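Just so it is clear, the model here is predicted, and its values are computed rather than measured.
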Amino acid sequence: MLTQKNYYMNVIEKIKSSVATAIQHLYQVEVLTKDIAINTTKPEFEGDYTVVLFAFVKQFKKTPEAIGNELGNYLVTHNSDLFENFNVIKGFLNFTICSKVWLNFLAENYHNNQFGKTQTTGNKVMVEYASPNTNKPLHLGHLRNIFLGWGIAEILKTTGNEVVKTCIVNDRGIHICKSMIAWQLFANGATPKSTHTKGDHFVGNYYVKFNDELKKQTENLIATGKTKDEAEKEAPIMKATHQMLLDWEAGKPDVIELWEKMNNWVYEGFDETYKKIGSDFDKIFYESNTYLLGKDLVKKGIDKKVFYTKEDGSVWIDLTTEGLDEKIVQRKDGTSVYITQDIGLAEQRYNEFKANESIYVIGDEQNYHMKVLKLICQKLQLPAADGIHHLSYGMVELPTGKMKSREGTVVDADDIVEEMIKISKQKTEELGKVNDFTTEELNNLYRIIGLGALKFFLVRVDPKKKMIFNPEESIDFHGFTAPFIQYTHARIKSILRKNEIVTQAFNSDDLLPLEKDIIKHLEIFPSALSEAAKELDPSKVAIYVFNLAQLFNSFYAQHSIAQAEDENKKQLRLHIAQLTAQVIKTGMGVLGIEVPERM
RNA sequence: GACCUUGUAGUACAAUGGAUAGUACAAAAGUUUCCGAAGCUUUUGAUUCAGGUUCGAUUCCUGACAAGGUCGCCA
């Protein structure tokens with residue numbers, strides 16, 4: 001997976017390296033830090049972090065209790081700036097970390113708005129996401145794709161990678177021809193402007209019209225005794241579409257002109273949506289420019305004996321030794337297939353950007369395809385090959401089953417965004433906390449909350465799991481949601497507006513459990529980010545931030561900040577609040593979710 | 001048929017092989033004379049099944065079962 005270098009040595013790493021050193025001194029045995037298991041200590045036991053001792057029992061030929069006591073004594077004596085105390089229970093060595101460690105961490109970072117970010121590593125990564133077809137508007141599945149892609153790109157940036165966000169637009173092929181034919185037949189020259197329709201929806205409507213007409217024609221043919229397959233092939237509208245595709249490939253001027261016109265309508269619509277949801281790309285590839293790529297690589301592959309030619313002239317690769325099957329890479333008529341284009345595009349992207357890693361955000365129905373793609377690139381020894389990663393995600397389904405455009409059960413991206421914003425408006429008005437906002441401020445707030453809720457909902461679960469979107473239940477502003485976290489942030493900001501932070505040394509004697517829990521959680525933020533980067537999983541960040549907000553809310557309900565026991569406590573808690581707000585902002589930021597000052 | 005992914009409370013999700021499996025929604029009961037109640041506190045409730053590896057398995061292996069996906073010219 002992706003290699004990360006983290007220059008900030010966190011407490012867990014410090015514990016590991018001290019334990020390794022202690023073992024070296026006590027038992028003259030070399031132990032790798034990765035073989036030392038550290039857990040957070042369960043709340044029912046005394047301590048912060050726990051070293052699991054069972055692994056050492058055989059090696060040192062001592063009981064876990066003996067090892068625990070020896071290690072504990074050694075470390076509390078020799079590393080007294082880190083370890084304050086220890087206890088051994090069964091095979092677990094529980095350490096209490098010095099309060100000073102937590103307080104120093106807090107003092108050093110509370111004003112650091114770069115906290116969590118890693119210095120650049122020089123690693124360059126391309127992230128490809130969205131990748132729409134141009135015959136219909138974006139839907140909920142695209143939104144999951146876009147939010148995952150945009151999120152992982154930001155997470156990678158934060159963890160020190162240089163990132164190029166990219167998109168391959170599927171702008172050619174039979175699907176767009178369907179919309180074009182239907183437009184010719186039914187539109188009477190109508191345009192998005194003349195009908196006041198968003199361009200992508202406008203073109204999508206003709207795609208629907210095409211299917212309606214095809215269905216009619218097919219039924220008529222079936223009535224004359226044809227099978228369904230025959231009827232679909234022979235329907236006049238389908239024949240016209242195939243002819244149009246041939247004309248497009250031949251470069252027939254009027255077809256090309258129509259194709260450009262309709263695609264541009266779609267792009268205007270897409271751009272509006274991207275802008276609304278806060279997504280962007282550094283480089284867009286169009287399939288009409290790339291679909292012929294890869295042919296020279298087929299030739300090279302034949303020379304290298306990676307590919308072989310069958311009698312009919314089609315070209316294949318045999319992947320049976322890898323547990324896969326034979327796969328075609330070039331048709332008998334010499335044209336490229338999908339995978340050939342992808343190989344070509346991988347090569348071209350590498351030549352253009354020299355990224356050593358490349359992440360493809362693509363649905364899990366293409367798991368097999370991506371596996372084959374990587375394998376072929378490796379066999380061809382393309383420089384991009386080893387850096388290919390597939391961020392695979394599950395489909396978004398409705399309670400009634402899959403979304404099907406033919407049955408009109410697709411949740412349209414623009415619709416759901418508007419719906420979420422509308423609900424956030426309702427909710428905000430009910431609560432009536434921001435009645436002094438201007439209309440502009442209000443609209444911005446509704447957008448931040450509604451869009452935040454949607455984004456969070458789509459990225460908070462493990463990407464590879466399919467998810468069910470229930471319009472009634474999913475739109476929830478309580479619990480494991482963005483508004484809950486945004487609310488926590490707004491509340492902290494309110495406190496900070498009313499109380500001034502003064503930098504000072506803290507009294508280290510009395511760090512309360514709830515105070516310490518938050519600081520400990522804040523301290524692992526960089527690890528949460530690098531883990532999300534390593535696993536290509538933005539949900540790790542979502543869960544982390546939610547837990548932080550939860551911790552803060554529990555703390556806040558029990559301990560007053562403004563009316564703290566004394567000034568020292570008050571300052572300590574203000575510092576905690578400040579860093580919590582900062583981490584919430586950064587964490588939500590990498591997911592593309594803004595956090596308001598008030599809501 | 002072969003291969004891939006996923007099976008955890010009523011529902012939706014967590015848990016580098018570690019201690020009594022966490023959280024949210026839903027349900028029930030509390031909680032605003034005091035920093036923002038979109039909050040907090042409490043209660044009820046789960047690892048699909050059968051083997052195996054291990055001091056220890058939700059996690060790893062094998063096999064069932066269930067859901068979804070893919071499998072030579074659609075992208």
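Using a 4.0 Å heavy-atom distance criterion, A:Tyr556 is classed as a base contact. The residue A:Lys466 sits close only to the backbone: its heavy atoms come under 4.0 Å of sugar-phosphate atoms, none of a base. Using a 4.0 Å heavy-atom distance criterion, A:Ala562 is classed as a base contact. Contacts of A:Tyr487 with the nucleic acid, taken as non-hydrogen atoms under 4.0 Å apart, include base atoms. A:Met395 comes within contact range of no nucleotide atom at all, as no heavy-atom separation falls under 4.0 Å. Residue A:Asn94 is in base contact, counting any heavy-atom pair closer than 4.0 Å across all strands shown. Residue contacts shown for A:Ile38 include a base, since a base heavy atom lies under 4.0 Å away. Among the heavy atoms of the strands lying under 4.0 Å from A:Val461 are primed sugar atoms or P, OP1, OP2 only; no base atom is included. Nucleic acid contact class of A:Phe484 (heavy atoms, under 4.0 Å, all strands): sugar-phosphate only. If you check every strand for non-hydrogen atoms under 4.0 Å, A:His489 touches nothing. Within the nucleic acid shown, A:Ser392 has no heavy atom closer than 4.0 Å to any nucleic acid atom. Using a 4.0 Å heavy-atom criterion, one finds that A:Gln550 contacts the sugar-phosphate atoms exclusively.
Looking at RNA chain B, the stems built from 3 or more consecutive Watson-Crick or G-U wobble pairs, each pair with its key distances under 3.5 Å, are B:1-7 with B:65-71, B:10-13 with B:22-25, B:27-31 with B:39-43, B:48-52 with B:60-64.
Taking the centre of each ring, A:Phe92 and A:Phe54 come in below the 6.0 Å mark. Less than 6.0 angstrom separates the ring centroid of A:Phe480 from the ring centroid of A:Phe546. For A:Trp259 and A:Tyr286, the ring centers are positioned 6.0 Å apart or more. Between A:Phe525 and A:Tyr544, the distance from one ring center to the other falls under 6.0 angstrom.
Residues A:Leu71 and A:Leu93 approach most closely at CB-CD2, 3.9 Å, considering heavy atoms. The two residues A:His142 and A:Ala130 come nearest to each other via the heavy atoms CD2-O, 3.9 Å. Of all heavy-atom pairs between A:Glu287 and A:Ile168, the closest is N-CD1, 3.9 Å.
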Short heteroatom pairs, N/O only, protein and nucleotides 73-75 of chain B, under 3.5 Å:
from  : atom 1 : to       : atom 2 : distance (Å)
B:C73 : O2'    : A:Arg331 : NE     : 2.1
B:A75 : OP1    : A:Arg331 : NH2    : 2.7
B:A75 : O3'    : A:Glu287 : OE1    : 2.5
B:A75 : O3'    : A:Glu287 : OE2    : 2.9
B:A75 : O2'    : A:Asn170 : ND2    : 2.4

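For A:Lys90, the listed nucleotide lying nearest its side chain is B:U20; candidates were B:C4, B:U20, B:C71. When the nucleotides B:A24, B:A19, B:C25 are ranked by their closest atom to the side chain of A:Asp476, B:C25 comes out on top. Of the candidates B:C34, B:A14, B:C55, B:C34 carries the atom nearest the A:Gln563 side chain, counting heavy atoms from C-beta on. The side chain of A:Lys540 lies closest to B:A15, out of B:G36, B:A15, B:C35. Checking B:A19, B:G18, B:G36 against every side-chain atom of A:Phe45, the shortest atom distance belongs to B:A19. Comparing atom distances between the A:Asn553 side chain and each of B:G7, B:G18, B:G39 picks out B:G39 as nearest. The side chain of A:Lys310 approaches B:G72 more closely than any other nucleotide in the set B:G36, B:G72, B:A24. In this structure, the nucleotide among B:C55, B:A14, B:U6 sitting nearest to the side chain of A:Lys58 is B:C55. Relative to the side chain of A:Tyr368, the nucleotides B:U6, B:U70, B:A19 differ in distance, and B:U70 lies closest. Counting only heavy atoms from C-beta on, A:Arg598 has its side chain closest to B:G36 among B:C40, B:G36, B:A15.
Anti is the classification of B:U16, since its glycosidic angle lies more than 90° from 0. A glycosidic torsion no more than 90° from 0 defines the syn conformation; B:G22 lies beyond that range and is anti.
Annotation: of the two residues near RNA chain B, A:Gly479 and A:Arg460, the 5′-most nearest-nucleotide partner is A:Arg460. RNA chain B is contacted by both A:Ile492 and A:Asn547; A:Asn547 maps to the nucleotide lying nearer its 5′ end (nearest heavy atom per residue).
A:Gln426 and A:Tyr446 form no side-chain donor-acceptor contact under 3.5 Å, judged by distance and modelled atom types alone. Side chains of A:Gln366 and A:Tyr338: a donor-acceptor N/O pair is present below 3.5 angstrom, by distance only.
Rounding to whole angstrom units, CD of residue A:Glu565 and P of B:C35 are separated by 17 Å. Whole-Å rounding puts the A:Glu65 CD to B:A19 C1' distance at 13 Å. Residue A:Phe555 contributes atom CZ, which lies 17 Å from atom C1' of B:U41 at whole-angstrom precision. Here B:U70 presents its P atom at 10 Å from CG of A:Asn367, a figure rounded to the nearest Å.
A salt bridge is absent between A:Lys90 and A:Glu65: the closest approach of a Lys/Arg side-chain nitrogen to an acidic carboxylate oxygen does not fall below 4.0 angstrom.
In this structure the side chain of A:Ile317 reaches within 4.5 angstrom of the side chain of A:Val306, judged on heavy atoms.
Atom CD1 of residue A:Ile174 and atom CZ of residue A:Arg172 lie 9.5 Å apart, to the nearest 0.5 angstrom.
Put simply, A:Phe480 does not rest on the base of B:A12: the two rings are not both less than 5.5 Å apart at their centres and under 30° in tilt.
Interface remark: the A:Thr481 side chain does not form any donor-acceptor pair with the B:A24 base, using a distance-only criterion of under 3.5 Å.
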